[in-house]
Amino acid sequence: MAGLFASPKGVAEYVPPDSERFLAVRIALSAPARRAGYGYIELPIFEDTALFVRGVGESTDVVGKEMYTFTDRGDRSLTLRPEGTASVVRAAIEHGVLQGTLPVKLWYAGPFFRAERPQQGRYRQFQQVGIEALGVNDPALDAETIALADEALRSLGLSNFRILLNCLGDAESRPGYREKLLTFLRGLDLDEATQARAEANPLRVLDDKRPQVQRQLADAPLIVDSLSDSAAQHHQQVRAYLNDLGIAFEDAPKLVRGLDYYTGTTFEVVHDGLGAQSAIGGGGSYDSLIGDLGGPDLPGIGFALGVDRTLLACDAEGIDLGAHPSCDVFLVPLGVGAKQVLVKLAAELRMAGIRVDMAFGDRGMKGAMRAADRAGARIALLVGDREISSGVATVKDLATSEQVEVSADSLVDFIQEKLR
RNA sequence: GUGGGUGUAGCUCAGCUGGUAGAGCGCCCGGUUGUGAUCCGGGUUGUCGCGGGUUCAAGUCCCGUCACUCAUCCCA
């Protein structure tokens, strides 16, 4: 039915029963981090625009053309958050949590916004689950971060994904490499936009996916060949830890990612069954972001996993996420008196932790039983004048069609036992 | 921004070279005066995306427009 309104362009909406699958994915993605000492952080959906400009980087596509920016009534420029790391770092600094034991481990989940052309797996409002570990530079922490992403995806039953790994170098190795790469890029036949990108941030040209560009990049100088001793050692240790953990990864020397704050370890998780938008997650470390946002000079590392895309990956792999029935017991009242009894019983059963729904409206017995079936209930509980006068309820097992009368006193216990 | 595809019942879709709209699923009712799923019978739903044009006649052809979608770019 065409109503008066449609959802804004490009937002991902989930209604039952699909929404149950979405929830299952979101919960699964955060579970490994919660087991690894990450605390939940609830962040604002909008922030000072300057936070993203400074944090994500002016030369990025995200800041350059994808932000939902507006002015509030106090003439402040605010932006719907396009990513989570800048907010986490801002909040960590603001609340002084970096004064405590390091690393500070935080996870978040929720919607993010980018004004792009929507397509399969790319939405203007999309959902991420992310983690950030702030304050410590340790290859073991880098490896743990990647392991948590791997574990999150595997816990859903996913297997057709690959982890791409690279190292973008530290403050010592970066400037020299940047010059070397820029010199190389200037000698190529690139379109105007790409030339401009090369001047602004030469690294970003490396992961241009267009064949005509990639062909020219075959002999490009690689970051891994220009790493400082300490950066190279760090990178080797991350790889060794991952090997110890049995986590398969592919070296991707041209993986850069589009956010300017990344330094050092960088990774991306791609799935081959999703069409063009194949990245279901990604992350890396950032040595100077915390300092750039006015905090102490500390590093951080984290990742974000896309819930929408992970759900698509589950679909692509035919994974059964367990569409749970929404109730255990469905109450069927026959008559007004019965409804009074059952409304109270519903509350009582729910207090006991049982999932209960009941027939509303006046659809009659047949309709009520049908509703019980549609609700996926295991038990239908019928009460009418007969039951009321003898102080019992009729309990019907919907799978076997067997039914028994149970006295009102022992009803809750009986049902709990039966559902066990 | 730039290209391609598609817009018909709640959902998935059919509708040949123009002749006044269909299937499956769902939903509702009945087959038991208090019993679902199964089975049987019956029924329900459409400004055929919107606007204009051609024609005796347009879901079908033409133009425009909007929406959705896929791809490019980039990212989750």
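- Only the C1' atoms considered, B:C13 is 32 Å distant from B:A76, to the nearest whole Å.
- Ranking B:C74, B:U69, B:U35 by closeness to the A:Thr394 side chain, first place goes to B:U35.
- For the pair A:Gln119 and B:A71, the criterion of a side-chain N or O lying under 4.0 Å from OP1 or OP2 is met.
- Residue contacts for A:Leu334: at a heavy-atom cut-off of 4.0 Å it reaches a base atom on one of the strands shown.
- Across B:A21 and B:U45, the matching C1' atoms stand 13 Å from one another, rounded to whole Å.
- Proximity note for A:Asp208 (side chain, C-beta onward) versus B:A37, B:G31, B:C74: the nearest is B:C74.
- Listed nucleotides B:C74, B:U35, B:A76 differ in distance to A:Ala279; the shortest reach to its side chain belongs to B:A76.
- Residue A:Arg386 is in base contact, counting any heavy-atom pair closer than 4.0 Å across all strands shown.
- At a threshold of 4.0 angstrom between heavy atoms, the contacts of A:Glu387 include nucleobase atoms, whether or not backbone atoms are also involved.
- The aromatic rings of A:Phe126 and A:Phe112 sit tilted relative to each other, their planes meeting at an angle between 30° and 60°.
- Among the protein residues, A:Arg309 comes within range of the nucleic acid bases, having at least one heavy atom under 4.0 Å from a base atom.
- Judged by distance alone with a 3.5 Å cut-off, a donor-acceptor contact links the side chain of A:Glu116 to the base of B:A76.
- The separation between A:Asp18 atom CG and B:U12 atom C1' is 14 Å, rounded to whole Å.
- Helical stems in RNA chain B, defined as runs of 3 or more consecutive Watson-Crick or G-U wobble pairs with both donor-acceptor distances under 3.5 Å, are listed by first residue as B:1-7 with B:66-72, B:10-13 with B:22-25, B:27-31 with B:39-43, B:49-53 with B:61-65.
- Distance from the side chain of A:Met369 is smallest for B:U35 among the nucleotides B:A37, B:U35, B:A76.
- For the atom pair CZ (A:Arg378) and CZ (A:Arg355), the distance works out to 8.5 Å, reported to the nearest 0.5 Å.
- Salt bridge A:Arg420/A:Glu417: present, at least one basic N to carboxylate O contact under 4.0 Å.
- Ion pair A:Arg386/A:Glu405 not flagged as a salt bridge, since none of the NZ, NE, NH1 or NH2 atoms sits closer than 4.0 Å to an Asp/Glu carboxylate oxygen.
- The one candidate from A:Leu311, A:Thr310, A:Leu29, A:Asp308 that meets the side-chain contact (heavy atoms from CB on, under 4.5 Å) condition with A:Gln127 is A:Asp308.
- Here A:Tyr123 lies in heavy-atom contact (under 4.0 Å) with a base.
- Spacing between atom NZ of A:Lys366 and atom P of B:C28 amounts to 11 Å, rounded to whole angstrom units.
- For A:Arg122 and B:A76, the shortest distance from a side-chain N or O to OP1 or OP2 is not below 4.0 Å.
- A gap of 14 Å separates the P atoms of B:G49 and B:A14, to the nearest Å.
- Atom pair A:Lys9:NZ and B:C68:P shows a separation of 4 Å (rounding to whole Å applied).
- With salt bridges taken as basic N to acidic carboxylate O contacts below 4.0 Å, none links A:Lys344 and A:Glu348.
- As rounded to whole Å, 14 Å separates atom P of B:A76 from atom CD1 of A:Ile131.
- When each of A:Ala304 and A:Pro118 is assigned the nucleotide of RNA chain B bearing its nearest heavy atom, the one mapping closer to the 5' terminus is A:Pro118.
- Among the protein residues, A:Gln277 comes within range of the nucleic acid bases, having at least one heavy atom under 4.0 Å from a base atom.
- You'll find that the side chain of A:Arg117 is closest to B:U2, out of B:C74, B:U2, B:G34.
- When the side-chain nitrogen and oxygen atoms of A:Arg197 are compared with OP1 and OP2 of B:C74, one or more of them lie within a distance under 4.0 Å.
- If you check every strand for non-hydrogen atoms under 4.0 Å, A:Gly121 touches a base.
- Residues A:Arg210 and A:Asp191 are paired through a salt bridge, judged by an N-O separation under 4.0 Å between the basic side chain and the carboxylate.
- B:G31 atom C1' lies 13 Å from atom CZ of A:Arg370, rounded to whole Å.
- Taking atom C1' in both B:U54 and B:C61, the straight-line distance is 8 Å, to the nearest Å.
- A:Leu134 places none of its side-chain heavy atoms less than 4.5 Å from the side chain of A:Leu298.
- A:Arg34 CZ: 12 or fewer foreign heavy atoms inside a 6.0 Å radius.
- For A:Gln403 against B:G34, no side-chain N or O and base N or O form a donor-acceptor pair under 3.5 Å.
- Rounded to whole Å, the distance from CG on A:Asp61 to P on B:U72 is 15 Å.
- One can place CG of A:Asp191 at 16 Å from P of B:U72, the figure rounded to the nearest angstrom.
- Comparing the C1' positions of B:G34 and B:G22 gives an interatomic distance of 39 Å, to the nearest angstrom.
- Nucleic acid contact class of A:Arg124 (heavy atoms, under 4.0 Å, all strands): none.
- Between the CD atom of A:Gln214 and the P atom of B:U72 there is a distance of 14 Å, given to the nearest Å.
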